[in-house]
Student: 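Below are the C-alpha cells for one structure; questions will follow.
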Amino acid sequence: MLTMTQSASGVYEILNTVNGKRYVGQTSDFTKRWSRHRVMLRNGTHDNKHLQSAYVKHGVGAFQFNELARCHPKALTWVEQSFMDLCRPEYNKAPAAGSRLGCKQPSYSAESRAKMSVAMKG
C-alpha cells in the first residue's frame with residue numbers, strides 16, 4: 001500500500017492523440033517523469049527526436065500522459081516490456097525495455113564528454 005509520501009512506480013505512455021502513436025516508459029514517480037518530458041519537449045531538447053518532431057508539428061495539446069500500470073520497482077522492466085510488446089510504441093527507439101541495445105549511439109569527442117561532465121556536475 002502506498003502512503004501519501006511514497007511515489008508510485010509504474011509504466012506510462014505518452015499518446016499523440018492526432019495520429020495514435022505512442023511512447024512507453026517506466027518511472028519511479030509519474031508526476032516528476034511527465035514534468036521532465038514536458039520541460040524537454042518545450043525546450044526542444046528531448047533525446048527522442050521522433051517524439052520531439054511530433055511535438056513541434058502537432059503542439060502540446062496533441063499529447064496525453066497516461067498511467068498504464070503501477071507495479072513494484074523490481075518489476076518495472078518486465079511490465080514495461082509487456083506493454084511494449086502489446087502496444088508496439090512507434091516513438092520508442094529501443095526494442096527492449098530498460099535497454100539502449102538496438103539504438104544508434106552518438107559518438108562524442110573527448111572534449112564534448114568533458115563539457116557534458118562539467119554540465120552534469122552543475
Side-chain angles (χ1 to χ4, degrees):
M1 181 170 135
L2 294 173
T3 65
M4 293 301 281
T5 59
Q6 291 177 312
S7 299
S9 62
V11 176
Y12 64 90
E13 72 174 351
I14 299 173
L15 177 66
N16 182 331
T17 60
V18 173
N19 61 21
K21 293 182 179 181
R22 68 190 69 205
Y23 173 88
V24 171
Q26 60 176 273
T27 185
S28 59
D29 186 316
F30 288 105
T31 303
K32 285 182 183 177
R33 188 64 186 123
W34 180 223
S35 177
R36 185 74 184 126
H37 275 295
R38 285 191 319 247
V39 166
M40 290 187 296
L41 289 166
R42 200 173 25 243
N43 292 336
T45 59
H46 203 285
D47 62 341
N48 186 310
K49 300 305 175 201
H50 295 295
L51 186 59
Q52 183 69 60
S53 294
Y55 179 87
V56 169
K57 180 178 180 179
H58 299 293
V60 66
F63 292 88
Q64 187 177 316
F65 185 89
N66 300 312
E67 192 177 302
L68 297 176
R70 289 186 181 208
C71 61
H72 191 278
K74 290 182 179 180
L76 279 171
T77 300
W78 184 84
V79 174
E80 180 186 8
Q81 187 63 55
S82 297
F83 276 101
M84 288 180 69
D85 293 342
L86 178 69
C87 301
R88 303 207 182 271
E90 297 84 356
Y91 292 129
N92 286 70
K93 297 185 288 185
S99 172
R100 299 213 25 103
L101 290 175
C103 292
K104 185 177 178 183
Q105 297 292 323
S107 58
Y108 296 107
S109 67
E111 180 183 356
S112 292
R113 287 193 305 274
K115 287 180 182 177
M116 288 186 282
S117 177
V118 169
M120 294 296 282
K121 293 175 184 172

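Note that the coordinates shown come from a computational prediction; the quantities given were computed from them, not determined experimentally.
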Student: Do you know the tightest heavy-atom contact between Ala97 and Thr77?
Tutor: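 Ala97 and Thr77 have their closest heavy atoms at O-CG2, 3.4 Å.
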Student: Is it the case that the side chain of Thr27 and the backbone of Arg33 share a donor-acceptor pair, with hydrogens and angles ignored and the cut-off at 3.5 Å?
Tutor: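 Looks like no, no N/O pair under 3.5 Å.
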Student: Quick check: does any side chain N or O of Gln26 sit under 3.5 Å from a backbone N or O of Gly10, one acting as donor and the other as acceptor?
Tutor: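 Answer holds: no.
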Student: Suppose we screen for ring pair (Phe, Tyr, Trp, His ring centres under 6.0 Å). Which residues come up paired with Tyr23, at least two apart in sequence or across chains?
Tutor: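 Per chain and number, Tyr23 pairs via ring pair (Phe, Tyr, Trp, His ring centres under 6.0 Å) with His37.
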Student: Side chains of Arg22 and Tyr91: do they bring a donor and an acceptor to under 3.5 Å?
Tutor: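 No, no side-chain donor-acceptor pair sits under 3.5 Å.
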Student: Can you spot which of Leu51, Thr17, Leu15, Val18 makes a side-chain contact (heavy atoms from CB on, under 4.5 Å) with Phe63?
Tutor: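 Exactly one pass, corresponding to Leu51.
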Student: Could you list who else is in Leu76's hydrophobic cluster, with ILVMFWY side chains joined at under 4.5 Å, directly or through other members?
Tutor: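 For Leu76, no cluster forms, as it stays isolated from other hydrophobic side chains.
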Student: Listing request: all side-chain hydrogen bond (donor to acceptor under 3.5 Å, both in side chains) pairs with a residue in residues 52-67, at least two apart in sequence or in separate chains.
Tutor: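 Passing the test, one end in residues 52-67: Glu13-Asn66, Gln64-Asn66, Glu67-Arg70.
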Student: Can you tell me if Ser82 uses its side chain to pair, donor with acceptor, with the backbone of Trp78 under 3.5 Å?
Tutor: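 The answer is yes, because a donor-acceptor pair under 3.5 Å joins these two groups.
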Student: Would you confirm whether Lys74, through its side chain, and Cys71, through its main-chain N or O, come within 3.5 Å as a donor-acceptor pair?
Tutor: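 It does not hold such a pair.
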Student: Could you tell me whether the side chain of Asn92 and the main chain of Ala94 form a donor-acceptor pair under 3.5 Å?
Tutor: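 Side chain of Asn92 to backbone of Ala94: no pair is present.
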Student: Show your reasoning for whether side-chain contact (heavy atoms from CB on, under 4.5 Å) applies to Val24 and Glu80.
Tutor: CA-CA 7 Å; Val24 171; Glu80 180 186 8; 4.1 Å; yes
